[in-house]
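The next block holds one structure in the form of structure tokens; read it before the comments.
Scope of the values below: all heavy atoms of this structure, side chains included, with no hydrogens, waters or symmetry mates. Here, residue 1 is the first one in the sequence, and each next residue gets the next number.
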Amino acid sequence: KVSSETTHERTRDLVDLYARFGTEMGSQQSATKPPERAEMAEKTGVYANRDKLLTEVPTKVFTIANLRTLDLSHNKIAAIPRTVGVLAPKLKTLDFAHNKLASLPHEICELHELHMLGLSDNLLTELPDALGALGKLKTLMLARNRFSALPESMCALRSLSHLDASSNKLDRLPAGFGYLEALMAANLSHNQLGALPSGLGGLKRLKELDLRGNAPLVVHGSVPAEL
């Protein structure tokens, strides 16, 4: 016959055993817990946080040294903070597609190392006047916004090779559009363009020019023979 005291002792031992087991498991789980996104970005240079219903840019983003890629697409962000300029030294890719941006801070033009700027599927009506300062920009994605015009300064984007400004309300192109000497593909479909500026013949690298869904176009000057 087992005494009541012995039963209590065994019960106590089992409780202690489970407690120790739980502590050890907790320690193991903590040790194997995935690192935070910002911590990973410190190592990889890439911060991607898509489809998270974010309404603002996480402040920790601006503390990441050597950040090369910032992808906050497919969220509900309404504004890019002016502090975005602190990312200038290394940032090459900035993607805010599929958000609720209605305007852009001028500080975005301080990102002089930027190669790709994704702004499609927002509520934008204009771009900063100093956009031409992004001298290394190669890809500019502006589709499905509310632009009626593009700034003349964008014609200084001498590295720009791919432009998508489709499905906006563009009724004209910048007069200096022909100065985009590196341009290889331009999607300007489904806008309200009625004419193309002179100088397009100077776009020697242009292979694709999509003008579907516009008014009957008047072409001032020549266009590249490849088109």
Side-chain angles (χ1 to χ4, degrees), residues 37 41 46-62 67-88 91-134 136-157 159-174 177 180 183 185-193 210-214:
R37 233 176 269 270
V46 176
Y47 185 96
N49 206 352
R50 308 176 58 182
D51 292 301
K52 299 298 182 182
L53 302 179
L54 299 178
T55 57
E56 58 185 22
V57 178
T59 55
K60 66 182 71 174
V61 164
F62 304 111
L67 187 64
R68 298 191 309 275
T69 295
L70 176 56
D71 183 355
L72 292 173
S73 60
H74 296 266
N75 282 292
K76 297 181 180 297
I77 297 171
I80 299 176
R82 297 179 62 181
T83 45
V84 70
V86 305
L87 302 177
L91 195 67
K92 296 183 182 299
T93 298
L94 182 62
D95 195 348
F96 274 88
H98 293 271
N99 274 285
K100 295 183 177 298
L101 301 176
S103 63
L104 297 173
H106 289 283
E107 286 76 9
I108 207 168
C109 300
E110 297 174 3
L111 303 175
H112 301 303
E113 297 298 317
L114 208 60
H115 286 187
M116 184 276 186
L117 179 57
L119 298 169
S120 296
D121 296 281
N122 278 283
L123 307 171
L124 297 167
T125 58
E126 61 181 5
L127 293 169
D129 289 335
L131 187 71
L134 301 178
K136 296 184 179 181
L137 192 67
K138 296 180 179 180
T139 301
L140 180 58
M141 310 302 285
L142 305 172
R144 295 173 295 279
N145 277 280
R146 300 176 180 179
F147 297 111
S148 59
L150 299 174
E152 191 67 35
S153 66
M154 74 168 288
C155 301
L157 298 175
S159 297
L160 189 67
S161 59
H162 291 81
L163 170 65
D164 186 353
S166 61
S167 300
N168 279 284
K169 299 179 179 181
L170 298 177
D171 56 18
R172 63 190 182 281
L173 293 177
F177 197 80
L180 295 172
L183 195 62
N187 188 348
L188 301 170
S189 63
H190 302 289
N191 278 287
Q192 299 171 12
L193 297 172
D210 192 343
L211 295 168
R212 293 173 297 164
N214 283 283

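Between Ala79 and Leu101, the shortest heavy-atom contact is N-CD2, 3.6 Å. The shortest non-hydrogen separation linking His112 to Ala133 is ND1-O, 3.4 Å. The two residues Arg172 and Ala149 have their closest heavy-atom pair at NH2-CB, 3.5 Å. Closest heavy-atom contact between Pro81 and Val57: CD-CG2, 3.7 Å. The heavy-atom pair separating Ile108 from Pro128 by the smallest distance is CG2-CG, 4.1 Å. Asn99 and Ser73 get closest at one heavy-atom pair: ND2-CA, 3.8 Å.
Ser166 places none of its side-chain heavy atoms less than 4.5 Å from the side chain of Asp210. Between Met141 and Met116 there is a side-chain heavy-atom pair separated by less than 4.5 Å. Counting heavy atoms from C-beta outward, Leu157 and Leu180 have side chains that approach closer than 4.5 Å.
At most 12 heavy atoms of other shown residues, nucleotides or ligands fall within 6.0 angstrom of atom CG in Asp129. Shown here is Arg50, whose CZ atom has more than 12 heavy atoms of other residues, nucleotides or ligands within 6.0 Å. A 6.0 Å sphere centred on CD of Glu56 holds no more than 12 heavy atoms belonging to other residues, nucleotides or ligands.
Neither side chain, Ser167 nor Arg144, offers a donor N or O lying under 3.5 Å from an acceptor on the other.
Taking the side-chain contact (heavy atoms from CB on, under 4.5 Å) definition, one finds that Lys52 meets it with Arg37, Asn49, Leu54, Asn75, sequence neighbours left out. With sequence neighbours excluded, no residue satisfies side-chain contact (heavy atoms from CB on, under 4.5 Å) with Glu126.
Looking at Asn168, its side chain never comes within 3.5 Å of a backbone N or O of Leu170 through a donor-acceptor pair. One N or O on the side chain of Asn122 and one on the backbone of Lys100 form a donor-acceptor pair closer than 3.5 Å. Looking at Ser161, its side chain does come within 3.5 Å of a backbone N or O of Lys138 through a donor-acceptor pair. Looking at Asp164, its side chain never comes within 3.5 Å of a backbone N or O of Leu142 through a donor-acceptor pair. The backbone N or O of Ala165 sits less than 3.5 Å from a side-chain atom of Asn191, completing a donor-acceptor pair. Counting only distance, with no hydrogens or angles, the side chain of Ser120 and the backbone of Ala143 share a donor-acceptor pair below 3.5 Å. Although no hydrogens or angles enter the test, the distance criterion places a donor-acceptor pair under 3.5 Å between the side chain of Asn214 and the main chain of Gln192.
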Taking it one step at a time, do Tyr47 and Leu72 satisfy side chain to side chain contact (heavy atoms under 4.5 Å, CB included)? CA-CA 8 Å; Tyr47 185 96; Leu72 292 173; 3.9 Å; yes
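For the atom pair CG of Asp121 and NE2 of His98, the computed distance is 3.5 Å after rounding to the nearest 0.5 Å. Here the CG-OG1 distance, from Leu160 to Thr139, works out to 7.0 Å after rounding to the nearest 0.5 Å. Interatomic distance, CG of Leu123 versus OG of Ser103, reported as 10.0 Å (0.5 Å rounding). For the atom pair CG of Leu134 and CG of Leu140, the computed distance is 8.5 Å after rounding to the nearest 0.5 Å. Rounding to the nearest 0.5 Å gives a distance of 4.0 Å between CD1 of Ile80 and CZ of Phe96. Atom CG of residue Leu87 and atom NZ of residue Lys92 lie 13.5 Å apart, to the nearest 0.5 angstrom.
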